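Counting convention: from 1, in listed order, for ligands and their atoms alike. On a predicted model such as this, the values are computed, not experimentally measured, just so you know.
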Amino acid sequence: MPKISIVVPCYNEEAALPLFYQEITRVAGEMDYAAFEFVFVDDGSRDGTLPILRRLAAQDKRVRFVSFSRNFGKEAGMLAGLEAATGDFVATMDADLQDPPALLPELYRAVTEEGYDCAATRRTTREGEPPLRSFFARLFYKLINRISDADIVDGARDYRLMRRAMVDAILSMREYNRFSKGIFGWVGFKTKWVPFVNVERVAGETKWSFWKLFLYSLEGIIAFSTAPLALASVLGVLVCLAAFVFIIIVLVKTLAFGDPVGGWPSMMCVILFLGGVQLLCIGISGQYLAKTYLETKHRPVYLVRETEEGIQ
Ligand code: UDP
Ligand code: MG
C-alpha cells in the first residue's frame, strides 16, 4: 500500500491541534487505499503544543513529531518535516485547518492517476484579509515573477502533495535562507493547481503581522532574483546621463547669460538625491552580502530537542 506522509509545522497551536487531528484522521480513514504517517513539527511553541503531540504519538502509532530547541520559523519547520517524512507521497499543510484536509483525495488522485508530480492548492479569494495586505501581496507576486526564474503563483498556499522524486529534489537544495514558494517553483516538475475558497483559521491567532510578511517578501526577492543588483547599475547610468545633460545646460546658460552662481536650492536637491540613490544602492548590495555571509557560515537550519522517540 502506498504511504502518504502529512507534514504539519506547528507554532503555538494548542487550540487548533486537536481539531486538526480529528479532521485529518477522519480524511485518512476515508482514504483506506493508502497508509498514513503524520509528521508534526513543533517549532519551539511556548504553549501546550508539545504535550499534545506527545499524547497523540503515544496513542496513535502513525503520529510522529520533531520538536525544535527554539522557534526557527515555518520554513525550518517544513524542511524538518520533509526530512523526517518517509512516505512515497508527502503533503505539507498548516495546523489551523486553513488548508482543508478534505482536499487530500483530490490531490492524491492528481498525482497517482493524472500523471502530475505534484498537486498544489491556491486560494481564489483573499476575503477576510485587509485590503492593503492584498494589494501588496498582488504587487509582490507580479514583481517576483518578472525578475526571477522561479514560477511563483499568486495565492499559492504551502498546502501541496508531492511525489517522492520532487521531495528529494527539494531536499537537495541545501540553502540556509529558505523561501519555500520559490523553491517549489524553482525545482519545476509537473504541478496541478487546485483552487479552493479561502477559509478562516479554526482557532488561535495568525503568526504573521504585515511587517513580518513584508520582510518575508524581501527575503523571497533576494533569494530568487539578482535583479535589484542590476537596478543599482541602471540607476547609475541614468543619473550619469542626467548629470551630462545638466552640465551642458549649465555651460550654455553661463556662456549666454553669465551669472554662474545662485541656484543653491537646486544644488541641495541634486546632492540629496544623489546621496539617497547611493545609499539605496549600497543598501541593496549590503542585503545580498548579508545573505552570502549567512550562507557561508553553514549553520544548521534547525536544532531538534525531542522527537516521538524521546529527548535527543
Ligand atoms: N508556523 C510555524 N512557525 C512559525 C510561524 C508559524 O511553524 O514561526 C506554522 C503555524 O503553526 C501554522 C502555519 O505555520 O501551522 C501557518 O501559520 P499561520 O496560520 O499563523 O499563517 P497564516 O495562515 O495566517 O498565513
Ligand atoms: Mg493560517
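- Residue contacts with ligand 1 for Glu13 involve side-chain atoms from C-beta outward but no N, CA, C or O (heavy atoms, distance under 4.0 Å).
- Taking every heavy atom of Asp96 and a limit of under 4.0 angstrom, the matching atoms of ligand 1 come to 19 (O), 23 (O).
- Put simply, no part of Gly77 is less than 4.0 Å from ligand 1, judged by heavy atoms.
- Atom numbering of ligand 1 starts at 1 in the shown order; those under 4.0 Å from a heavy atom of Cys10 are 7 (O), 11 (O).
- Nearest protein heavy-atom contact of atom 24 (O) of ligand 1 is Thr206 OG1, 2.6 Å.
- Neighbours of the Mg ion (ligand 2) restricted to protein N, O or S atoms under 2.8 Å: the count is 2.
- Pairing each heavy atom of Phe210 with each of Leu132, the nearest pair is CE1-O, 4.5 Å.
- Panel note: side chain Ser209, backbone Lys212; a donor-acceptor pair is recorded below 3.5 Å.
- Between the side chain of Thr49 and the backbone N or O of Ser45, no donor-acceptor pair lies under 3.5 Å.
- No side-chain donor-acceptor contact under 3.5 Å links Tyr302 and Glu75.
- The side chain of Asp43, and not its backbone, has at least one atom closer than 4.0 Å to an atom of ligand 1 (non-hydrogen atoms only; side chain from C-beta on).
- Without hydrogens or angle criteria, Ser67 side chain to Thr307 main chain gives no donor-acceptor distance under 3.5 Å.
- Under a 4.0 Å criterion applied to the non-hydrogen atoms of Asp94, ligand 1 contributes the atoms 13 (C), 15 (O), 16 (C), 23 (O).
- Between the side chains of Tyr21 and Asp60, at least one donor N or O lies within less than 3.5 Å of an accepting N or O.
- For atom 1 (N) of ligand 1, the nearest non-hydrogen atom of the protein is Tyr11 CB, 3.8 Å.
- Minimum heavy-atom separation, Leu229 to Ser285: CD2-CA, 4.0 Å.
- Nearest protein heavy-atom contact of atom 20 (O) of ligand 1 is Lys207 N, 2.8 Å.
- The protein heavy atom nearest to atom 18 (P) of ligand 1 is Arg201 NH2, 3.4 Å.
- The side-chain heavy atoms of Ser5 and Phe38, taken from C-beta on, include no pair separated by under 4.5 Å.
- Under a cutoff of 6.0 Å and an axis angle of 45°, Arg160 and Phe184 form a cation-pi pair.
- Heavy-atom proximity to Gln98, at under 4.0 Å, picks out these atoms of ligand 1: 19 (O), 22 (P), 23 (O).
- Considering Arg64, Lys61, Arg62 in turn, Arg64 is the only one that fulfils the side-chain hydrogen bond (donor to acceptor under 3.5 Å, both in side chains) rule with Glu37.
- Taking the charged nitrogens against the carboxylate oxygens, Arg26 and Glu30 do have a contact shorter than 4.0 Å, which makes a salt bridge.
- With a heavy-atom cut-off of 4.0 Å, Asn71 touches ligand 1 through its side chain alone.
- With Asp43 contributing its side chain and Phe72 its backbone, the two residues share a donor-acceptor pair below 3.5 Å.
- For atom 14 (O) of ligand 1, the closest non-hydrogen atom on the protein side is Lys74 CD, 3.3 Å.
- Under the 3.5 Å distance criterion, the side-chain polar atoms of Thr191 are left unmatched by any main-chain donor or acceptor of Ala119.
- In terms of protein heavy-atom proximity, atom 21 (O) of ligand 1 is nearest to Trp208 CD1, 3.0 Å.
- The shortest contact between atom 15 (O) of ligand 1 and any protein heavy atom is with Pro9 O, 2.8 Å.
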